[in-house]
Visitor: 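Pasting a structure here, questions to come.
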Amino acid sequence: IELRQELQAAKDALERERKEQAHRASTAAAELAQTEERHREAADRSAKQLANTGKENARLRAFADDVAEATRADAPANAEPAALADVVEAVATSRKQLDAA
């Protein structure tokens, strides 16, 4: 009888351990799923921000091109070539910085 009691106690201990391991595994899986969801959400936000930045850069490049063209078109015939070149160079530099962003 004592041997059966010891055997039953060992079985009970094994069953408790199995349940604890199953609970830990379930908890870890839930935490992993939450972490993956947070990472997906962060990646989505980053992708949207990048797309918006790209759109804004494209809009700013088009504006810089328009400014450069308007500057060339509106420059009086007697304008200092160096001053006009400075404006065009500033616009070109701005475009390069936008392209690098």
Side-chain angles (χ1 to χ4, degrees):
I1 290 178
E2 193 174 306
L3 188 56
R4 283 187 186 179
Q5 288 175 342
E6 286 180 23
L7 183 57
Q8 188 60 44
K11 282 183 179 181
D12 292 345
L14 285 173
E15 182 62 19
R16 279 192 305 277
E17 181 63 26
R18 186 195 64 76
K19 286 181 180 178
E20 288 175 10
Q21 286 180 356
H23 176 70
R24 284 192 300 268
S26 174
T27 301
E31 289 173 356
L32 179 60
Q34 289 175 348
T35 300
E36 288 174 346
E37 181 61 25
R38 285 193 304 273
H39 287 185
R40 269 194 299 278
E41 290 170 355
D44 289 346
R45 283 192 305 274
S46 293
K48 287 177 185 174
Q49 289 173 344
L50 186 58
N52 288 339
T53 299
K55 289 176 187 175
E56 182 66 12
N57 283 350
R59 188 185 69 75
L60 290 172
R61 279 193 296 276
F63 177 74
D65 290 344
D66 291 347
V67 168
E69 185 58 35
T71 301
R72 281 188 216 96
D74 291 344
N78 61 352
E80 281 277 332
L84 184 57
D86 288 345
V87 171
V88 173
E89 179 61 29
V91 170
T93 300
S94 295
R95 273 222 57 187
K96 287 177 188 174
Q97 290 171 345
L98 286 170
D99 290 340

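Only heavy atoms go into these numbers, but all of them, side chains included; no hydrogens, no water, no symmetry mates.
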Visitor: Rounded to the nearest 0.5 Å, how far does CD of Glu17 lie from NZ of Lys19?
Guide: 12.5 Å

Visitor: Which residue, Arg61, Lys55, Glu56, forms the side chain to side chain contact (heavy atoms under 4.5 Å, CB included) with Arg59?
Guide: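 Among Arg61, Lys55, Glu56, the one that satisfies the side chain to side chain contact (heavy atoms under 4.5 Å, CB included) with Arg59 is Glu56.
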
Visitor: Nearest 0.5 Å, please: how far is CG in Asp65 from CG in Leu60?
Guide: 11.0 Å

Visitor: Indicate yes or no for a side-chain donor-acceptor contact from Ser26 to the backbone of Ala22 under 3.5 Å, with no hydrogens or angles considered.
Guide: no

Visitor: Which salt bridge (charged side-chain N to carboxylate O under 4.0 Å, His left out) pairs, counting each pair once, include a residue from residues 2-14, with sequence neighbours left out?
Guide: none

Visitor: For a side chain to side chain contact (heavy atoms under 4.5 Å, CB included) with Gln34, tell me which candidate from Glu37, Glu36, Arg38 qualifies.
Guide: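 The side chain to side chain contact (heavy atoms under 4.5 Å, CB included) with Gln34 is passed solely by Arg38 among Glu37, Glu36, Arg38.
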
